[in-house]
Amino acid sequence: MKEIVTRLLAERGVTLVDIARLVYTLQRPYYPALSLEQCLANIDSVLEKREVQFALLTGITLDMYAEQGLLPEPIQTIIARDEPLYGIDEVLALGITNVYGTIGLTNFGYLDKTKLGILAVINDNPQAVHTFLDDLVAGLAAAASARLAHNGWVLLDE
Ligand code: MG
């Protein structure tokens with residue numbers, strides 16, 4: 001299942017390295033010795049969780065179906081337009097963010113606001129429907145950051 005969601009993310013234009021760069025940007029100020037490999041390892045652990053895999057599968061599938069015009073109305077138009085008041089994309093992403101507690105929530109809010117790195121690329125693509133993808137990727141980066149923060153003493157010891 002982890003391989004399937006990793007491949008799905010790649011097909012939608014997001015690599016694990018893209019997500020690791022977000023984690024690196026968020027956590028580097030606290031851990032000067034942080035490496036991109038450590039960020040990747042934390043993303044890998046988050047991706048092991050079944051609820052994370054299911055959230056990614058659900059959101060990305062809805063994006064893909066909306067992109068092809070295959071959903072019934074009115075949800076087709078709502079998702080295709082990324083209706084600002086819809087909010088379920090954020091709710092689904094919180095299922096990922098919350099896996100490592102409330103630190104994830106702060107990171108998610110920050111990423112949602114600043115649209116760092118790959119998040120801006122996803123958001124600025126007018127051809128694709130990325131209504132869920134941007135929040136899921138932010139959720140993943142936030143959860144990996146929270147996991148890293150909880151294990152931070154390991155990095156400070158190095
Ligand atoms: Mg969204």
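Counting starts at 1 for both ligands and their atoms, following the listed order. Because the structure is a prediction, the values reported are computed rather than measured.
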In the protein, N/O/S atoms that are found under 2.8 Å from the Mg ion (ligand 1), waters not counted: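 Hits for the Mg ion (ligand 1) below 2.8 Å: Asp89 OD2, Thr131 O, Asp134 OD1, Asp135 OD2.
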Short side-chain to backbone donor-acceptor contact, [X] and [Y], under 3.5 Å:
X	Y	result
Gln53	Met1	no
Ser35	Gln38	yes
Glu83	Ile78	no
Thr131	Ile79	yes

With a 4.0 Å cut-off, would you call Asp124 and Lys115 a salt bridge?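 Salt bridge flag = no for Lys115 with Asp124.
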Side chains of Asn42 and Ser45 only: does a donor on one sit below 3.5 Å from an acceptor on the other?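 No, no side-chain donor-acceptor pair sits under 3.5 Å.
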